[in-house]
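The structure appears right after this line, and notes come after that.
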Amino acid sequence: MENKIFRFRKTRDFGELLSDTFKFLRENAKSFLSINFKVCAPFLITLIITNAYYTYATLGVGFEGYSNLTGFIIPALINTLALFVYFTALYLSVFNYIKAYIAKDGNVSIEDVKNGLKNDLGNGLLLNFIVGLLTVVGFLFLFIPGIYLGVVLTLALPILVFDQKGVGDTISSAFDLIKDNWWLTFGILIVFGIIMYIINVVFQMPMIIYMMMSMFSGIDAGIETMAQNMETKDPVLMVLTILASIAQYLLYIITPILISLIYFNLNEEKNFTGTYDSIDKLGEDRE
């Protein structure tokens, strides 16, 4: 039974970071998915509702509707806020699950994750807001600083949870941890992003196919009919769009597993925490 415990605190190469992300998910899917989605259910339900509102408000409004305050901007802002909170809560939930998994040799309870999320949510939201602000400002200055900061600050939330540091110390620790390993982190995030994009497209195929069929049928019927179709709230398209969004929201749960592995990989290279843990456990076994 002990051999089946997934080991986070170890160094991994490029390929292992990718493969072990899905290995952990595969080996712990039942507990991992069940606990995290139960903990994040209020945030997910809120996001689904705001997304449905946004989809209903914007679908079929025509191009002039996107400048309308109540027709587009307010629904978009509400949906973006709900997405920001859900995204932060989900990542914190996953990191706290992994934290409990390590501390309790895989025996994670829902209370472990709930209590961890309650403890970290306030600082997590503040930290993610600062990270987002810094990254946007970085993109405004010749784009490249934004990419650099975005990669570095990917490590902010796991540092907040695993090291229990304040917001300011978390940001400075992210720069220290990624030093000399920025390109490795950037490369793994790009490759993983492509993989997740392909998976996401698969779940969006029903919506894409339906949109293409509607577009071609509109062209056959004439430009005037096609313009009228664009301004009609198609209920089938609305449902398919919402379902595609929900699939995307659920797939977000995989990314923080990879980020955790990157964090422990860099932390092990600098601090040898996993090596010391192994030595301590070896000493306990001999006693």
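Numbers here are sequence positions counted from 1. Values reported hereafter were calculated over all heavy atoms of this structure, with side chains retained and with hydrogens, waters and symmetry mates removed. Here the structure is a predicted model, which is why all the values come from computation and not from measurement.
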Just so I know, are the side chains of [X] and [Y] near enough to count as touching, which here means a heavy-atom distance under 4.5 Å?
| X | Y | value |
| --- | --- | --- |
| Leu18 | Ile195 | yes |
| Asn79 | Leu47 | yes |
| Phe95 | Ile259 | yes |

> Going by the ring-ring contact (aromatic ring centres under 6.0 Å, His included) test, which pairs reach into residues 191-215, not counting sequence neighbours?
Replying inline: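 Of all non-adjacent pairs touching residues 191-215, none passes ring-ring contact (aromatic ring centres under 6.0 Å, His included).
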> Which pairs, with at least one residue in residues 164-191 and sequence neighbours excluded, count as a ring-ring contact (aromatic ring centres under 6.0 Å, His included)?
Replying inline: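 Applying ring-ring contact (aromatic ring centres under 6.0 Å, His included) to every pair that reaches into residues 164-191, excluding sequence neighbours, yields Tyr148-Trp182, Trp182-Phe186, Trp183-Phe186.
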> Does the side chain of Asn36 pick up a donor-acceptor pair with the side chain of Ser93 at under 3.5 Å?
Replying inline: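 Short answer, yes.
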> Under 3.5 Å, is there a donor-acceptor pair between the Tyr54 and Thr80 side chains?
Replying inline: no
>> Under the side chain to side chain donor-acceptor pair (under 3.5 Å) definition, can you give me all pairs with a residue in residues 127-140, not counting sequence neighbours?
In response: Thr88-Asn128
> What pairs of residues pass the side chain to side chain donor-acceptor pair (under 3.5 Å) test when at least one of them lies in residues 162-175, not counting sequence neighbours?
Replying inline: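 The answer is Asn119-Gln164, Asp120-Gln164, Asp163-Tyr263, Lys165-Ser173.
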>> Classify the ring geometry of Phe264 against Phe8: parallel below 30°, tilted from 30° to 60°, perpendicular beyond 60°.
In response: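 Tilted, since the angle between the ring planes falls between 30° and 60°.
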> Phe24 vs Tyr101 aromatic rings, parallel, tilted or perpendicular, using cut-offs 30° and 60°?
Replying inline: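 Plane angle over 60°, so perpendicular.
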>> Going by the rule salt bridge (charged side-chain N to carboxylate O under 4.0 Å, His left out), which residues pair with Lys104 if we only count those two or more places apart in sequence or in a different chain?
In response: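 Asp112.
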>> Which residues end up grouped with Ile49 if you chain together Ile, Leu, Val, Met, Phe, Trp and Tyr wherever their side-chain heavy atoms are less than 4.5 Å apart?
In response: Ile45
